[in-house]
Asker: 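Before I ask anything, here is the structure I am working with.
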Amino acid sequence: MSSHESSHDSSHAGSPDSSHDSSPDGSPGGSPDDETLPLQPPIRLPGEATLAAAVRAAPLAEELRPEGDDAEVLAAWADHCRERLAADEGLLVELIRLFLSREAVKGEVPPVLAELGLVRTAEPYTLSWLGLWAARLIIADTTGQEIPVMGSLADADAAALLHGLRSYPEAERDEELAGWLRGRDREEAIAELAAALGTVSPLSRAVGVELLSSAFGDEGRHALLRLLEEPKLGAVIAARTANPQRQPVPEEIAWVLVDMAAALLEFGDAPGEVIKSIAMGMNSEEQAGTIALLAFGDHPWTGRVLRVFIDHHPDERIVAAARKALRRLRGLSDFRA
């Protein structure tokens with residue numbers, strides 16, 4: 001099961017209102033990419049030397065002379081690409097479209113993209129290694145989303161690993177995890193992942209629970225069992241692993257509902273999916289009661305989950321309940337502060 005799938009089965013989660021909630025759980029999960037572009041899968045890139053050689057071979061390279069070591073050449077070329085593409089929005093859109101579709105395109109190759117070495121000019125044309133590299137930089141500039149590069153998480157700590165793996169399909173996730181584990185003590189790695197679950201974003205937490213329950217055998221599952229009695233975190237783990245031994249106490253219910261809806265928001269799912277994750281087939285009256293309950297939780301993503309109901313729910317009664325809950329949430333936040 002991929003990390004995306006893990007946020008859809010027994011998983012449902014949410015995100016914070018901008019006026020009250022900072023980044024969820026202090027993690028990097030609440031970045032601008034959450035609202036502008038669904039999380040993108042990792043890409044594969046060659047090493048710095050290969051990319052710099054591609055820059056030096058680009059048609060415009062002779063004219064510009066980007067001199068220095070490989071890192072300096074790439075930095076200068078990145079600035080030049082940003083400048084040229086910013087001057088032509090159509091080219092910028094084409095570069096991003098090619099990156100997001102990952103498909104070849106029939107037709108005439110845009111001359112500037114060819115001169116910058118960003119496309120392979122065969123018919124139909126596709127992005128070159130340099131094009132993938134440049135598009136990744138530009139997406140980070142414009143959306144805040146750092147699209148992962150395969151192999152780049154090998155030296156990350158557990159929290160950064162879980163954050164990076166949020167968009168990985170299963171095969172790539174397993175490959176990246178294997179690279180991260182290489183040279184690490186297995187027991188220590190499991191302990192690090194378990195310790196990170198309470199500090200990361202909702203989708204990162206979903207990925208971590210899935211990894212420990214599926215990729216590490218009995219040792220990983222035992223690490224999760226040891227966390228079951230933790231307030232809030234234990235209730236989320238029980239919900240995600242369908243463990244009947246641990247039922248949420250009343251004050252945890254809102255936290256669990258929001259955490260599970262937040263993972264969907266973080267991935268970039270449609271608002272309808274987030275609404276369904278909390279509605280779970282309830283009628284309007286029951287939904288309104290559940291929405292009211294959310295205001296009493298202190299999950300940092302509660303505000304953004306409520307905004308989804310306010311902005312997208314088709315039933316005005318539910319919208320009104322969400323508005324009231326958001327006002328109450330703000331009042332309670334001020335009181336706690």
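Keep in mind that what you see is a predicted model, and the values were worked out from it rather than measured. Count residues from 1 along the sequence.
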Asker: Where the side chain of Arg166 meets the backbone of His163, is there a donor-acceptor pair that is under 3.5 Å apart?
Answerer: yes
Asker: For the atom pair CG (Leu212) and CG (Leu227), what is the distance rounded to the nearest 0.5 Å?
Answerer: 8.5 Å
Asker: For a 4.5 angstrom cut-off between non-hydrogen side-chain atoms, does Gln287 reach Met280?
Answerer: no
Asker: Any side-chain heavy atom of Leu294 within less than 4.5 Å of one from Leu329?
Answerer: no
Asker: Can you measure from CZ (Arg84) to CG (Leu95) and round to the nearest 0.5 angstrom?
Answerer: 13.5 Å
Asker: Taking side chain as C-beta onward, heavy atoms only, is Leu257 less than 4.5 Å from His299?
Answerer: no
Asker: Measure the acute angle between the ring planes of Trp77 and His80, then classify it against the limits of 30° and 60° as parallel, tilted or perpendicular.
Answerer: tilted
Asker: Do the charged groups of Arg323 and Glu316 touch, with an N to O distance under 4.0 Å?
Answerer: yes
Asker: Who passes side-chain hydrogen bond (donor to acceptor under 3.5 Å, both in side chains) against Arg327, sequence neighbours left out?
Answerer: none
Asker: Working to the nearest 0.5 angstrom, can you tell me the gap between Leu211 CG and Leu161 CG?
Answerer: 7.0 Å
Asker: Whether Glu273 and Lys276 form a salt bridge (side-chain N of Lys/Arg under 4.0 Å from carboxylate O of Asp/Glu) is what I want to check.
Answerer: yes
Asker: Would you find more than 12 non-hydrogen atoms of other residues, nucleotides or ligands less than 6.0 Å from Glu285 atom CD?
Answerer: no
Asker: In Å, rounded to the nearest 0.5 Å, how long is the span from CD1 of Ile147 to CG of Leu37?
Answerer: 6.5 Å
Asker: Is any side-chain heavy atom of Trp133 less than 4.5 Å from a side-chain heavy atom of Leu74?
Answerer: yes
Asker: Can you confirm whether Leu85 sits close enough to Leu113 that some side-chain heavy atom of one is under 4.5 Å from a side-chain heavy atom of the other?
Answerer: yes
Asker: Quick one: CG on Asp157 to CG on Leu162, what's the gap to the nearest 0.5 Å?
Answerer: 9.0 Å
Asker: Flag the pair Ile190 / Glu187 as yes when at least one side-chain heavy-atom distance between them is below 4.5 Å, and no otherwise.
Answerer: no
Asker: Quick one: does any side-chain atom of Glu286 pair with a main-chain N or O of Asn283 as donor and acceptor, under 3.5 Å?
Answerer: yes
Asker: Flag the pair Pro248 / Trp255 as yes when at least one side-chain heavy-atom distance between them is below 4.5 Å, and no otherwise.
Answerer: no
Asker: So, Gln40 side chain and Pro38 main chain: donor-acceptor pair closer than 3.5 Å or not?
Answerer: yes
Asker: Grouping I, L, V, M, F, W and Y whenever their side-chain heavy atoms are under 4.5 Å apart, do Met282 and Val319 come out in a common cluster?
Answerer: no
Asker: Take Ile237 and Asn243, measure what side chain to side chain contact (heavy atoms under 4.5 Å, CB included) needs, and give me the verdict at the end.
Answerer: CA-CA 8 Å; Ile237 290 171; Asn243 190 325; over 6 Å; no
Asker: Nearest 0.5 Å, what's the CG-CD distance between Leu225 and Gln245?
Answerer: 6.5 Å
Asker: Please name all residues satisfying side-chain hydrogen bond (donor to acceptor under 3.5 Å, both in side chains) with Arg328, sequence neighbours left out, ordered by chain then number.
Answerer: none
Asker: Mind checking what makes side-chain hydrogen bond (donor to acceptor under 3.5 Å, both in side chains) contact with Asp155, not counting sequence neighbours?
Answerer: none
Asker: Report yes or no: is the cationic atom of Arg102 (NZ for Lys, CZ for Arg) under 6.0 Å from the centre of the six-membered ring of Phe99, at an angle within 45° of the ring normal?
Answerer: yes
Asker: Would you find more than 12 non-hydrogen atoms of other residues, nucleotides or ligands less than 6.0 Å from Arg317 atom CZ?
Answerer: no
